[in-house]
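The next block holds one structure in the form of structure tokens; read it before the comments.
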Amino acid sequence: MRPQLLRPTLSSLLALSLAACYALHPPDGGGETAFDGTRSFNPADVALPQGYRIEAVATGLTFPTGVAFDANGQAHVVESGYAYGEVWTAPRLLRVEASGRLVELARGGRNGPWNGVAALGEHFYVAEGGELEGGRILRISAAGDIQPLVAELPSMGDHHTNGPVAGPDGKLYFSIGTATNSGIVGLDNAKFGWLKRRPTFHDVPCADVELNGQNFTTPALDASGHPVQTGAFHPFGRASRPGEQVQGQVPCSGAVFRLDPQHLRLQLVAWGFRNPFGLAFAPDGRLYVTENGYDNRGSRPVWGAPDVLWTVREGLWYGWPDHVAGEPLSLPRYRAPGQPELQSLIARPPNPPPKPTARLGVHSSSSGFDFSRNPRFGQVGDAFIAQFGDLVPETGKVLAPVGFKLVRVTPASGRVEDFAVNRGAQNGPASKLGHGGLERPVAARFDPSGENLYVVDFGVMLVGPHGPEPKPGTGALWRIWRESEP
Amino acid sequence: MSCWAGFRTSAMAILLAALTACGSARRSEPIAGPLTNSDPVRRGAQVYSWHCQECHPAGETAIGPALNNKPLPDFLIRFQVRRGLGAMPSFSKEKLSDEDLDNLITYLKALRHNAPHP
């Protein structure tokens, strides 16, 4: 380098260093804002690629999480009945009339969240998250009769029973998220609320695993504050030993399952996911899931872990709790500031983790999604993923809101592009931007014609000093369609 | 160069960097229209999706700073990608070849120059 360029170059590098000095920047998550209780809806506040349009179809929903369509193509949404911050309401299945009027078909008990809905034959099927009593898959008739098909699924922790989606084989596919962030029950789980209710609950592997015996020390939950040690796949306060064998079982944590709705046979499809919240079948019949990545919290925090879009291959282990997107957590890039480098919890991985289909935004909460099938909508074969948005500072730190939009992913290349985003000088939820656009998209599903993409918008969830603050009645259902080709 | 002149140069560089980072970083297709569809831009977009967008989605601020509103010269981008900087990891030639890096830079420049709709 020429000498006369050296000083300005070094100066620029200094400036870049300062700009890149993560620790110096104040956090600025999407939920770190105020909300006066009134939400407006203005399609003009949502930017889409040329030729696409959006409208709000129904509003006033409370914690909606999924949409499905009956044989007549009429939309039905589920309200979850539970939101982080431990707010309990009634989980419901609602028919959305053309006018936007909501008609209740079924109402559940206090065991939400209802995390999604699928239509198969004459029935609807709902994944009941199971925060209090364990997860269930429910069959709901057109008359609103609710019948559990499977129950007591191990989903009373941080993450729940998710889906379901109907497969081309006529079976139901659903998932169970993990109890913990990264395999160790800790004080962060007490903050979620469940650890004090169920002090012995923990993650369960789907196959036998041998542990390395790493334990993590935290104060006890009681007033004593005595230090306790907790190992992987163990209850809080129970240590593990090197070489210890933990027996696998089905159902289990962090896994995808197949359920025959006629014979009620439950089968494990794949495991080693963290929270595989979204499930969808591509036009070629392959099953994909979106996995919410590790957070920078708890006894074993992970920094900078992306969310992931996976192709699900039967029988494989996908890496949790020791890998992210096919890479080992021991890489320096995943070490949380001020923390030691991560070591594996499992001594012998069941298989080398697969490579992902796509890597998605860190803390974006990539959730429900669907694949385009109709050339009239365009982008056939691409996935349209709803990103619920960050829950900073509960999950880590970001410099600006992440998520709060829909992205389009081309599975063959892994290319990720914005599809539906709020207008404004920066990205973020409508509440933070002060307009009538998207708040927290949580699910996306094409109607049977394939011409309309319905987006379930959970509504306002702030993140305050005591954690998440969800706002009832602020959810919505949007419709996106293509009016003209560019 | 005297100490004072060196300090002045550094301060100007820092100020310039700060000022150039003040504009909005929004350049994605819904906001600013599609990018040119050349091979290097397409390949660069793919490289970006695999290695960069999880921390800099659409080139905007997220867990990492925005890239779209900073006129970084090519050699600095290469330096930062190969060496890492602060919380940003480094990307070796095994992980990101020279050809990939060339295409990535082409894409970054196309994204930076993608003007938002009026």
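Chain naming here is simple, since letters A, B, ... match the order of the sequence lines and numbering starts at 1 in each. On a predicted model such as this, the values are computed, not experimentally measured, just so you know.
Neither the backbone nor the side chain of A:Tyr52 comes within contact range of chain B, judged by heavy atoms closer than 4.5 Å. Contact of A:Glu417 with chain B is made through the side chain alone, with heavy-atom distances under 4.5 Å. With a threshold of 4.5 angstrom between heavy atoms, A:Thr357 approaches chain B through N, CA, C or O but not through any side-chain atom. Interface residue A:Pro356: backbone and side-chain heavy atoms are both found under 4.5 Å from chain B. For A:Ala325, no part sits under 4.5 Å from any heavy atom of chain B, backbone or side chain.
Counted within 6.0 Å of CZ on B:Arg83, heavy atoms from surrounding residues, nucleotides or ligands total 12 or fewer; the atom is thus considered open. Annotation: A:Gln339, atom CD; neighbour count of heavy atoms from other residues, nucleotides and ligands within 6.0 Å is above 12.
Under the 3.5 Å distance criterion, the side-chain polar atoms of B:Thr61 are left unmatched by any main-chain donor or acceptor of A:Ala400. Remark: side-chain polar atoms of A:Arg333 are not paired, donor with acceptor, to backbone N or O of B:Met88 under 3.5 angstrom. A donor-acceptor contact shorter than 3.5 Å is absent between the side chain of B:Trp50 and the backbone of A:Arg415.
Interatomic distance, A:Ser366 OG to B:Glu54 CD, rounded to the nearest 0.5 Å: 11.0 Å. Taking OG1 of A:Thr410 as the start and CD of B:Gln46 as the end, the distance is 9.0 Å to the nearest 0.5 Å. The CD atom of A:Gln426 sits 8.5 Å away from the OG atom of B:Ser24 when rounded to the nearest 0.5 Å.
Between A:Lys405 and B:Pro57 there is a side-chain heavy-atom pair separated by less than 4.5 Å. Taking 4.5 Å as the limit, some side-chain heavy atom of A:Val421 sits within range of a side-chain heavy atom of B:Arg26. Between A:Asp418 and B:Glu60 the shortest side-chain heavy-atom distance falls below 4.5 Å.
The two residues B:Pro30 and A:Arg423 have their closest heavy-atom pair at O-NH1, 4.5 Å. In this structure, A:Gly414 and B:Ser49 approach most closely via the heavy-atom pair O-CB, 3.4 Å.
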Test side-chain contact (heavy atoms from CB on, under 4.5 Å) on A:Trp303 and B:Ile63 and set out the steps. CA-CA 10 Å; A:Trp303 192 89; B:Ile63 195 172; 3.7 Å; yes
Under the side-chain contact (heavy atoms from CB on, under 4.5 Å) rule, what do B:Glu29 and A:Leu48 come out as? Steps first, then yes or no, please. CA-CA 8 Å; B:Glu29 181 177 352; A:Leu48 296 153; over 6 Å; no
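For A:Glu55, the side-chain hydrogen bond (donor to acceptor under 3.5 Å, both in side chains) partners are A:Arg479, not counting sequence neighbours.
With respect to chain B, the highest number of heavy-atom pairs below 4.5 Å among A:Ala305, A:Gly424, A:Ser364, A:Pro332 belongs to A:Gly424. Highest contact tally toward chain B, considering only A:Ala358, A:Pro306, A:Ser413, A:Ala420, is held by A:Ser413 [criterion: heavy-atom pairs under 4.5 Å].
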